[in-house]
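Structure, as structure tokens:
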Amino acid sequence: MTMARLATERALTALVEITASFSRRGWFPATSGNLSARVSAPGDPLLLVVSASGRDKEAMTAADFLLVDGSLQPVGPGVQPVVSNVEPRPSSETVVHARIYEATGCGCVLHVHTVWNNLIAELFSSQGEVVLRDLEMIKGLDIWEEGTEVRVPIVENLFKLPVLAEAVVERTTDPRVPGILIRHHGLYAWGTNPFEAKRHVEAFEFMFEYLLRRWTVGAGLVPAQKGDHKDRPYELAEAGQGGIVGGEA
């Protein structure tokens, strides 16, 4: 078995497992989201495995991924062009993945749509970033410095995907931050391999959800205490100084 074939099979196994895991969490609603892994060696022409467009992520198998080259066209195991107008076809956002690979040298890119990442991107879109600090889960991004601060960029959801890809790369300037938010869209996160990229997505999503729930508490909504009415899970109350961290606000 060639190295390229072995790398492809390993990538497929990892991506199928990640797809199933994220689907169970509801991170791929309505066939949204996409996944890819680079199977070419560093310095070689880009060759990656990417999810097919329009697939129900809950039922995806290895057959629902395609091998594509640097021109973003499907190729066969021998890296020969696949000429077909029939499904499957690569995710339309493959161009964004490709530019992230080129800009970062990473080995895997994952893209999820969640309520939490959409809300936090909307709340801080005017600031162009979300600042994460004083959160233990920052270590999930492979950042271990004490008192560190991480700024996650936010870009607008540009209609033309090649233009969106360039906007993403323009804001991907801090090598410590393996992710970016697209307003009204979702999160792109990456890593040196599928395991690392998965961990980064999980860390980002935990922090986004935590910050938004903390903001809810700070705004005066707190979980009902024992003995409260079951049909009123939240009560208005004085909630103290809670609030989310973002930008310079």
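Values below: every heavy atom of this structure, side chains too, minus hydrogens, waters and symmetry copies. Residues take their numbers from the sequence shown, with the count starting at 1.
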Is it true that [X] and [Y] fall in one hydrophobic cluster, defined by side-chain heavy atoms closer than 4.5 Å?
{"X": "Val177", "Y": "Val96", "result": "no"}
{"X": "Val68", "Y": "Val39", "result": "no"}
{"X": "Val201", "Y": "Val49", "result": "yes"}
{"X": "Val95", "Y": "Val109", "result": "yes"}
{"X": "Val169", "Y": "Val163", "result": "no"}

Drop me the distance from [X]'s [atom1] to [Y]'s [atom2], to the nearest 0.5 angstrom.
{"X": "Phe65", "Y": "Arg55", "atom1": "CZ", "atom2": "CZ", "result": "10.5 Å"}
{"X": "Ser71", "Y": "Gln73", "atom1": "OG", "atom2": "CD", "result": "5.0 Å"}
{"X": "Asn34", "Y": "Thr94", "atom1": "CG", "atom2": "OG1", "result": "7.0 Å"}
{"X": "Cys108", "Y": "Arg38", "atom1": "SG", "atom2": "CZ", "result": "12.5 Å"}
{"X": "Leu72", "Y": "Glu93", "atom1": "CG", "atom2": "CD", "result": "12.5 Å"}
{"X": "Leu212", "Y": "Leu123", "atom1": "CG", "atom2": "CG", "result": "6.0 Å"}

Heavy-atom check, side chain of [X] versus side chain of [Y], under 4.5 Å:
{"X": "Leu35", "Y": "Val50", "result": "no"}
{"X": "Leu46", "Y": "Asp69", "result": "no"}
{"X": "Glu156", "Y": "Ile182", "result": "no"}
{"X": "Asp56", "Y": "Asp64", "result": "no"}
{"X": "Ile18", "Y": "Pro194", "result": "yes"}
{"X": "Val150", "Y": "Arg133", "result": "no"}
{"X": "Glu205", "Y": "Trp116", "result": "yes"}
{"X": "Ser51", "Y": "Met60", "result": "yes"}

Check against side chain to side chain contact (heavy atoms under 4.5 Å, CB included), Leu181 and Val155: CA-CA 6 Å; Leu181 286 161; Val155 302; over 6 Å; no
Criterion salt bridge (Lys or Arg N to Asp or Glu O under 4.0 Å) on Arg25 and Glu202, from CA distance to verdict: CA-CA 11 Å; Arg25 305 180 202 194; Glu202 292 171 338; 2.6 Å; yes
Tell me if a side-chain donor or acceptor on [X] pairs with a main-chain N or O of [Y] at a distance below 3.5 Å.
{"X": "Thr104", "Y": "Ile100", "value": "yes"}
{"X": "Arg151", "Y": "Val131", "value": "no"}
{"X": "Asn118", "Y": "Val115", "value": "no"}
{"X": "Lys57", "Y": "Ser32", "value": "yes"}
{"X": "Tyr101", "Y": "Ala37", "value": "yes"}
{"X": "Arg171", "Y": "Ile154", "value": "yes"}
{"X": "Ser40", "Y": "Leu47", "value": "yes"}
{"X": "Ser23", "Y": "Thr19", "value": "yes"}
{"X": "Lys139", "Y": "Trp144", "value": "no"}

What are the two closest non-hydrogen atoms of [X] and [Y], and how far apart are they?
{"X": "Val152", "Y": "Gly179", "answer": "CG1-O, 4.1 Å"}
{"X": "Ser53", "Y": "Pro90", "answer": "CB-O, 3.8 Å"}
{"X": "Ser92", "Y": "Leu161", "answer": "O-CD1, 3.0 Å"}
{"X": "His200", "Y": "Gly140", "answer": "CD2-O, 3.2 Å"}

Glu149 and Leu132: CA distance, side-chain angles, deciding distance, side chain to side chain contact (heavy atoms under 4.5 Å, CB included) verdict: CA-CA 6 Å; Glu149 180 177 275; Leu132 306 174; over 6 Å; no
Flag for His185-Asn117: side-chain donor and acceptor within less than 3.5 Å: no
Pair Arg176, Thr148: side-chain N/O donor-acceptor within cut-off below 3.5 Å: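 The criterion, which ignores hydrogens and geometry beyond distance, is satisfied for Thr148 and Arg176.
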Parallel, tilted or perpendicular: rings of His97 and Tyr188 (30°, 60°): perpendicular
Parallel, tilted or perpendicular, as decided by the 30° and 60° cut-offs, for the rings of Phe208 and Phe204: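 Parallel, since the angle between the ring planes stays under 30°.
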Pair His113-Phe28, side chain to side chain contact (heavy atoms under 4.5 Å, CB included): steps then yes or no: CA-CA 6 Å; His113 297 229; Phe28 289 133; over 6 Å; no
Presence of salt bridge, Lys198 and Glu196, under 4.0 angstrom: no
Worked check of side chain to side chain contact (heavy atoms under 4.5 Å, CB included) between Leu110 and Leu15: CA-CA 9 Å; Leu110 306 174; Leu15 292 178; 4.3 Å; yes
